[in-house]
Undergrad: 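Okay, handing you the structure first.
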Amino acid sequence: MKREGTATILHADLDAFYASVEQLLDPSLRGQPIAVGGGVVLAASYEARRCGVRAGMAGWAARRLCPDIRFVGGHFREYQRLADEVMQVFNDFTPLLERVSIDEAFLEVAGAVHLFGPPGRIAAEIRGRVRSEIGLAVSVGVARTKHLAKVASRVAKPDGVVVVDPSREREFLAPLPVGLIWGVGPVTQARLAGRGIHTIGDLAGVSSPILQQMLGTASGTKLASLSANIDPRAIETTRKAKSIGAQAALGARPATRAVVTETIGYLTDRVSGRLRGARRAARTLTVRVRFTGLRSVTRSMTLAAGVSSTVTLTEVAIQLVFQALADHPGERQITLLGLSLSNLIEEPPLQLELPLALPDERLRPGSTVGSARWGVDRSVDAIRDKFGRAAIGYATVVFSGVDRVPEEFRELAEHAGP
DNA sequence: TCTGGGGTCCTAGGACCC
DNA sequence: TCTGGGGTCCTAGGACCC
């Protein structure tokens, strides 16, 4: 069956990125099973993966599987630098580049074929340049849609290229496990397996209504259209963040006012700086409190106006945490606090010229700059309406010592997303 | 001996409005 | 005098991705 369109979308994905960079920087690590991280495996080399080590695994579990494994401290700034260089190489072939994370991107090369040849040749060219100029392996999938290109690059790993001819999409997909589909994780996979669906070919035999019934409307519809190779997503060269957040794992600490105040102060300080830096304000705050045993709850609140003031955000967040704690009186210890800002709006034009992002604002708790007071006061009113007048106090924005995560990693994670 | 940090998207129930 | 339907927004939780 002939399909419309040609395969001009590339998905390029660096192989075992963090681990490969470590091996690039220190030749004695090459060919060795290594992991980046400590308590948790952030990335594992292919040698370590052969023993079953996977990203996200606890450090002790990785050592049990692979006694020879070496844990290396991450050179996070190097990851960022090298990944940026790789993206520059991509950019030499097309400006239609969508960076999905630190180490992968989609490229639309339809307009590049007259300069560089067919997409398969461009893929080879890109791989060659990244290998010779930067020293890293990148796998590339080439297909008619983003979804297919992404599946193809996974099949191409490690260090390979796979081109999916538009006339042979079905036969390419049919034998592959459903887990290769973007968005199908362990839970969905298990649910499908319960109905005897293991491969994408199996999926193609199931009707959309049945899938919707099994997985919910959105997932069901999506899977049905993907297995029919319909994927309307275009390359998006710019994307605006829909939320901004931060979290801090605490080990296990008592759920006291001091711990909450200190941690939230630290988190808001980070997050609101980024918020103002992006010239945005947030209407919705969500806090996450995790207790021992990985039980976690969230509490959120939507304000009448967007807020970007550190002090206001801190006050609201602290109230929300205490609300969560009050709802769970049995929990004596907290292991993580998180803060996320969403419902992001552009800062009103009126405020753009005001020095909202200056450190001054943070250094003067309770004071606001010019007409920014307008937004802040309204929000404070909303809180007082909800929690009473006494709800609002001052927080100290000092975070003492419990932050075990390197600052560079946080910065990296902040930049890693779309 | 249960493990990091940053995100996106979806679902379900309830409040509220017309 | 207590009954319909539709839409939007908010809240809490969860799956998933890198």
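So that the names make sense, note that chain A is the first sequence line, chain B the second, and so on, each numbered from 1.
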Undergrad: Go through dC10(C), dG5(B), dC16(C) for me and flag the one nearest to the Leu336(A) side chain.
TA: dG5(B)
Undergrad: Whole angstrom is fine here: how far is it from CG in Leu42(A) over to C1' in dG5(B)?
TA: 9 Å
Undergrad: Is there a side-chain contact between Thr298(A) and the phosphate of dG13(C), meaning an N or O under 4.0 Å from OP1 or OP2?
TA: yes
Undergrad: Across the strands shown, which category fits Gly37(A) at heavy-atom distances under 4.0 angstrom: base, sugar-phosphate, nothing?
TA: nothing
Undergrad: Counting heavy atoms from C-beta on, name the nucleotide in dC10(C), dG4(B), dA15(C) closest to the side chain of Thr188(A).
TA: dA15(C)
Undergrad: In terms of side-chain heavy atoms of Lys242(A), which of dC9(B), dT11(C), dC18(C) is nearest?
TA: dC9(B)
Undergrad: Determine whether more than 12 heavy atoms belonging to other residues, nucleotides or ligands lie under 6.0 Å from atom CZ of Arg195(A).
TA: no
Undergrad: Heavy atoms under 4.0 Å, any strand shown: does Lys150(A) hit a base, just sugar-phosphate, or nothing?
TA: sugar-phosphate
Undergrad: Taking NZ from Lys146(A) and C1' from dC17(C), how many angstroms apart are they, rounded to a whole number?
TA: 14 Å
Undergrad: Which one, dT8(B), dC18(C), dG13(C), comes nearest to the side chain of Ala241(A)?
TA: dT8(B)
Undergrad: Which part of the nucleic acid does Val184(A) contact within heavy-atom distance under 4.0 Å: base, sugar-phosphate only, or nothing?
TA: sugar-phosphate
Undergrad: Closest to the Gln247(A) side chain: dG5(B), dT8(B), dC10(C)?
TA: dG5(B)
Undergrad: Can Trp60(A) be classed as stacking with the base of dT1(B), given a centroid separation cut-off of 5.5 Å and a plane angle cut-off of 30°?
TA: yes
Undergrad: Can you measure Asp327(A) atom CG to dA12(C) atom P for me and round it to whole angstrom units?
TA: 8 Å
Undergrad: Could you check whether Ala61(A) gets within reach of a base, just the sugar-phosphate, or nothing at all, counting any heavy atom under 4.0 Å?
TA: nothing
Undergrad: Measure up the Phe76(A) and Tyr18(A) rings against each other and bin them: parallel (under 30°), tilted (30 to 60°), perpendicular (over 60°).
TA: perpendicular
Undergrad: Have a look at Thr217(A) and say if it touches a base, only the backbone sugar-phosphate, or nothing, with a 4.0 Å heavy-atom cut-off.
TA: sugar-phosphate
Undergrad: Output the rounded distance in Å from CG (Leu215(A)) to P (dG14(C)).
TA: 18 Å
Undergrad: Let me know, please, whether Gly216(A) or Arg64(A) comes out on the 5' side of the other along DNA chain B by nearest nucleotide.
TA: Arg64(A)
Undergrad: Does OP1 or OP2 of dG13(C) have a side-chain N or O of Arg299(A) closer than 4.0 Å?
TA: yes
Undergrad: Rounded to the nearest Å, what distance is computed from the CZ atom of residue Arg99(A) to the P atom of nucleotide dG6(B)?
TA: 18 Å
Undergrad: Could you tell me if Arg49(A) sits above the aromatic ring of Tyr46(A), with its cationic atom closer than 6.0 Å to the ring centre and no more than 45 degrees from the axis?
TA: yes
Undergrad: Considering only the C1' atoms, how many Å lie between dC16(B) and dG4(C), rounded to the nearest integer?
TA: 16 Å
Undergrad: Looking only at side-chain atoms of Ser300(A), point me to the closest of dC10(B), dT11(C), dG5(B).
TA: dT11(C)
Undergrad: Expressed in angstrom and rounded to an integer, what is the separation of Phe71(A) atom CZ from dG4(B) atom P?
TA: 13 Å
Undergrad: Taking atom P of dT11(C) as reference, at what distance in whole Å does atom CZ of Arg288(A) sit?
TA: 16 Å
Undergrad: Can you list the steps and then say if Arg70(A) with Glu47(A) is a salt bridge (Lys or Arg N to Asp or Glu O under 4.0 Å)?
TA: CA-CA 11 Å; Arg70(A) 275 185 62 190; Glu47(A) 295 82 8; over 6 Å; no
Undergrad: Is the charged tip of Arg63(A) near the ring of Phe71(A): under 6.0 Å from the six-membered ring centre and within 45° of its axis?
TA: yes
Undergrad: Taking the nucleotide of DNA chain C with the closest heavy atom to each, which residue, Arg283(A) or Val297(A), is nearer the 5' end?
TA: Arg283(A)
Undergrad: Which one, dT8(B), dG4(B), dC10(C), comes nearest to the side chain of Ser243(A)?
TA: dT8(B)
Undergrad: Apply the test salt bridge (Lys or Arg N to Asp or Glu O under 4.0 Å) to residues Arg99(A) and Glu104(A): give CA-CA distance (whole Å), side-chain angles for both, the deciding distance (0.1 Å), then the verdict.
TA: CA-CA 6 Å; Arg99(A) 190 170 186 174; Glu104(A) 66 179 301; over 6 Å; no
Undergrad: Any ion pair linking Arg257(A) and Glu262(A) (charged N to carboxylate O, less than 4.0 Å)?
TA: no
Undergrad: To the side chain of Trp182(A), which of dC18(C), dT11(C), dG4(B) is closest?
TA: dC18(C)
Undergrad: Paired with dC18(C) by Watson-Crick or G-U wobble geometry, both distances under 3.5 Å: which nucleotide is it?
TA: dG5(B)
Undergrad: Taking CZ from Arg63(A) and P from dT3(B), how many angstroms apart are they, rounded to a whole number?
TA: 13 Å
Undergrad: With the side chain of Val187(A) defined as its heavy atoms from C-beta on, choose the nearest nucleotide among dT8(B), dG4(B), dC16(C).
TA: dC16(C)
